[in-house]
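For reference, the structure is listed below as structure tokens.
Lettering follows sequence order; numbering is per chain, from 1. Given the structure is predicted, the values throughout are model-derived calculations rather than measurements.
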Amino acid sequence: MNLFFIILLILFSSAILAFISNRIVRGSSGIIAFIGITAASILFFTRLSIGNTYSFTLGGIQMQFGLNSFTYLFAIIVLGLGVLASLYSIQYMKGKERLGYFYFNFVLTILGMVGIIFSQDFITFFIFWEIMTWSSYLIVIYNGYSSSKVGIKYMIFSALGAYAMLTAIVSIKGIYGTFMIKDAIAAGAFNFTDHFYIPILLLIGFAVKAALMPLHVWAPKSYSMSPMSFTAIFSGAMSKMGILGMGLVLTSIYSHASPEVSVYSLILKQVLGWLGGITAVMATIYALIQTDAKKLLAYSSIAQLGYIVVGLSTGTKLGVMAALFLAVVHAIFKGTLFMVAGAVERQAGTTDMTKVSGLIRKMPYTFFAALLSIIALAGVPPLGGFVGKWMLYESLITESNNYFLVIVVFFSSTAAFLYSYRFLFGLFLGQEEKETEHVKEAPLTMVIPMLILALLLIVTGLYPGILFEPIAHGMEYLGYSHVNWDMSVLTNIWGEQTNMSYIFSLIGIVFVVVFIFITLKGYKGTRNVGTKEISTSGEIPLEHENLTYQMDFFKPFERAAAPLYKRSMNKIWNDIGNALEAVFNFTRKIYTGNGQTYALFVIIFLVILLIFKDSLFAN
Amino acid sequence: MEDLGLKIFGAILTTIMAFAVGMTYGGIVRKLTARVQNRFGPPFYQNFLDLVKLQSKKTNVAHGFMGHTAPVWIMVASITVLMFIPILNGNLWFPNLSFHGDLIFILYMMVFGSLGMALGAGQTGNPNSAIGVTRGLSMMVGFEIPFVLALVALMVQYHTTSIQDLMQIQHESGTWLIFSNPFAFLAALFASLGMFRYSPFDIVGAPAELASGPMSEFGGKYLGTMMSGGSIFAFIKLTLYVDLFLGGAGNPDHTGIWATLAGIGVLLIKTFTLYMVPVFYGWVSPRYRTEQAIRYFWGWPTALGIIGLIWAVY
């Protein structure tokens, strides 16, 4: 039997097993899911190599599984994050209800993503895409279907994307007579020549999963309402499936566009780039007014995906490389951050930042993981996030001459400092309150995945070349030639460099020297105090007086940026929804469901026919 | 190896100079401000005395790990950026790594210290610190926009993202960039008002309102180290502006001892002149609220930056 089938079969059977075993031994499904995903990953990384393909026929349609160097990059994200998230999930989900249901869908989502990575033709692609969508939908409604209509929104937008994609796929078959992705690209399906709607429809389908504005409104709540161990995958890996599709379509558009239609691809570049930029800005400013850490992270995911789309839209070497690098790094740090939020939720009962604060002394390891991932998220040197941001800016400035987009992206990433700080301060810093006195560090199997991911951020900062290698191979598969990369030196096309190893060693040396100085100097005279011993300008706060500052955290910024907050895509979609509902209500007046009314309609119809029969059937 | 030793010596020399100059400038401003307000004021070396006092405190109060490392982050950011900014053009006495990190890197590295300090201030649990931090971060979103516009304008105009190259261009053409793109310079100059946090943009520390904002819980060795880091950072900001817009200092063709001293003299004159802009502006301005400050930077300074960018492109 073929290896592709074995890997999918392992995942599928562990999904079934996880579903059944929970009825026999309570709580065992998490372990089975973890073992299944780990086994599949081990098989994948040891036995499967790039270039393997396997064709088979199903129902008269030729299908093909395969692995190329572009999808391999995404396999690293999906399986790597999948293993760690399922390990984390064992303790996180402990004691919750309907574990069989949860893990069945959890593994099935990963199966869907692995299937997408394997598929070489549009039919298998679409089937696995739907498996992924449906199983993730079932997890989104895990916490209750009715909770603020979150499930229905996700489903409507996913269905919209799926229909768009299906239309495009059927059109490709009708026009070019093939379902194979490679053949369709070679035949010029994405050339923009005659059938420019095909790539557009496909892009819409992918943009839904990548939460690109204006198709993002499902994301904030779906991300924040699902169990955190799943959101780590949902935001970290599943959104990247949209990026996978967009990368494939966009690069073929750019590299195959003939001169006479290249103006369309220029327009597409601008439109996509600005959509990405505006997505980043709007999601960022909404992230910084959230009081729930989970929602903050959900909005921040949308913003980060905006950067990735900006990078992809440039189509230049450095830009696409930045986008793919950011995609991997985003999976790492956002996976960690959602796990951190989950750990806080499990240990302290809530992630509402107005209720929890000062956890740093109670959960030091979780804080350490959160700190590193926030540094990477903010793009501050020297971690992996900076490498991606650097390449993104340089590509916009030096290669695609999109100067004003640089400013927009920069605005969003400066404003990102605000919510980054809000997240760390809200959960871990600030006053220690009585309500959180009982909180302890999360269990070991939850801390280990977080720390592994956080340490990966240091590695990707010091040696970004580790990621450049698969990225460069993937880009060469997409049609870029001579993708240069270095182990730890970043270079733009003007020849300017940033050398991560110099930066790392300099920061390291200065940090160690100053840290030793400040620790040893007056060591005996240094007194460690808690958060209650602070200067209060002579006043002594009473026992019940609260010194926590968490409400209206960035009110001044909100006031300054008030015009930006006026427009909300969510409101526009809600208006559209309400208008549609009004139309449906009108329809309901005609189709009342009463047999007598329908009989009346038939009679009226016959009467009309009789009255107008001469003019209608004149000849 | 001898070469490396010389370089390390040069790096230490650079740090000491940056520290001394930054501290002295701070002292001079204190004196001048006092004279303008019709007070006698402290001597210009008062900052050094303060530092000695702070570092020799017998008891220090530590507020957990992030509070303990807050001054360390500031020092790390200051010294790292200092190493990547050319002090004198092509002078061997002041070696630097500017070939290994360009303007985008500097831009990001410059916020490193503020963020580290913000985390430290957060852990102390003092609400004044947290309020100060939110104000500071919000204001940063304000002034970074014109600053980045100015920098992008320069990068686009001269097709380089390296500070060393921009200095070389000014040296070779004999024209300072302040004349070849005055709009970008003005935008950056407005941004510098926010960076130095003198009045009217002193809402972050806000004396008489927030104690001293983010710094309120730090004392002794912590405050002393922060002060040193802050002084180095003030010198860095000034030097960066001089390098980018005012032609830098020093001559790569003459690197003898006298030429070096002359270069340092020129650098001091230029930086001090530049430093007086936010100081003068502060003397005559009352304090803005945070949202007013942000709006200020998003108004004319940003417009000037956009004009500068368009000027650079066409």
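Using a 4.5 Å cut-off between heavy atoms, B:Val76 touches chain A through backbone and side chain atoms alike. With a 4.5 angstrom heavy-atom cutoff, B:Leu103 does not touch chain A via any of its atoms. Residue A:Lys555 does not touch chain B at all, counting heavy-atom pairs closer than 4.5 Å. Residue contact with chain B, scored on non-hydrogen atoms closer than 4.5 Å, involves the backbone and the side chain of A:Ile507 alike. For B:Lys221, the parts lying under 4.5 angstrom from a heavy atom of chain A are both the backbone and the side chain. Within the 4.5 angstrom heavy-atom criterion, only side-chain atoms of B:Thr69, from C-beta onward, approach chain A. There is no contact between A:Phe428 and chain B, counting heavy-atom distances below 4.5 Å. For A:Glu394, the part lying under 4.5 angstrom from a heavy atom of chain B is the side chain only. Contact of A:Ile375 with chain B is not made at all, since no heavy-atom distance falls under 4.5 Å. Looking at A:Phe511, the atoms closer than 4.5 Å to chain B (heavy atoms on both sides) sit in the backbone and in the side chain alike. Both the backbone and the side chain of A:Thr519 have a heavy atom closer than 4.5 Å to some heavy atom of chain B. When heavy atoms are compared at a cutoff of 4.5 Å, B:Thr225 approaches chain A solely by way of its side chain, counted from C-beta outward. Interface residue B:Leu149: backbone and side-chain heavy atoms are both found under 4.5 Å from chain A. Heavy atoms closer than 4.5 Å to chain B are found in both the backbone and the side chain of A:Val529. If you measure heavy-atom distances from B:Gln123 to chain A, the contacts under 4.5 Å come from both the backbone and the side chain. Only the side chain of A:Arg361 comes within contact range of chain B, with heavy atoms under 4.5 Å apart. Of the two parts of B:Leu119, the backbone and the side chain both hold a non-hydrogen atom closer than 4.5 Å to a non-hydrogen atom of chain A.
Chain A forms more heavy-atom pairs under 4.5 Å with one residue of B:Met139, B:Lys58, B:Met109 than with any other, namely B:Met109. Looking only at heavy-atom pairs under 4.5 Å with chain A, the residue among B:Met66, B:Gln292, B:Lys57 that has the most is B:Met66. Between chain B and the residues A:Glu558, A:Arg527, A:Lys524, the largest count of heavy-atom pairs under 4.5 Å involves A:Arg527. Residue with the most contacts toward chain A among B:Val61, B:Val313, B:Ile79, B:Asp165: B:Val61 (heavy-atom pairs, distance under 4.5 Å). The choice from B:Ile306, B:Leu137, B:Thr161 that makes the most heavy-atom pairs within less than 4.5 Å of chain A is B:Thr161. Among the candidates A:Ile518, A:Val514, A:Asn499, A:Thr414, the residue making the largest number of heavy-atom pairs closer than 4.5 Å to chain B is A:Ile518. By number of non-hydrogen pairs under 4.5 angstrom with chain A, the leading residue of B:Leu107, B:Ile131, B:Thr290 is B:Ile131. Between chain A and the residues B:Val152, B:Thr59, B:Val156, the largest count of heavy-atom pairs under 4.5 Å involves B:Val156.
Between the side chain of A:Ser357 and the backbone N or O of A:Met353 there is no donor-acceptor pair closer than 3.5 Å. Looking only at distances, a side-chain donor or acceptor of B:Thr302 sits under 3.5 Å from a matching main-chain atom of B:Phe297.
Annotation: A:Phe553 is in aromatic contact with A:Phe425 [ring centroid separation under 6.0 Å]. Aromatic rings of A:Phe411 and B:Trp298 (six-membered ring for Trp) have centroids within the 6.0 Å cut-off, being under it. If you look at B:Tyr108 and A:Trp390, their ring centroids are not closer than 6.0 Å. Taking the centre of each ring, A:Phe367 and B:Phe65 stay at or above the 6.0 Å mark.
Residues B:Thr134 and A:Pro556 have side chains not in contact (no heavy-atom distance under 4.5 Å, counting atoms from C-beta outward).
Note: B:Leu223 CG to B:Phe218 CZ = 9.0 Å, rounded to the nearest 0.5 Å. Rounded to the nearest 0.5 Å, atoms CE (B:Met83) and CD1 (B:Ile236) are 8.5 Å apart. One finds the CZ atom of A:Phe404 at 10.0 Å from the CG atom of A:Asn402 (value rounded to the nearest 0.5 Å).
A donor-acceptor contact closer than 3.5 angstrom links the side chains of A:Thr366 and A:Glu441. With no hydrogens or angles considered, no side-chain donor-acceptor pair links A:Ser395 and A:Thr316 at under 3.5 Å. Residues A:Tyr393 and A:Ser413 bring a donor and an acceptor atom of their side chains to less than 3.5 Å of each other.
Between B:His68 and A:Phe515, the ring planes are perpendicular. Angles over 60° get that label, and only those under 30° would be called parallel.
Taking 4.0 Å as the cut-off between side-chain N and carboxylate O, B:Arg197 and B:Asp202 do not count as a salt-bridged pair.
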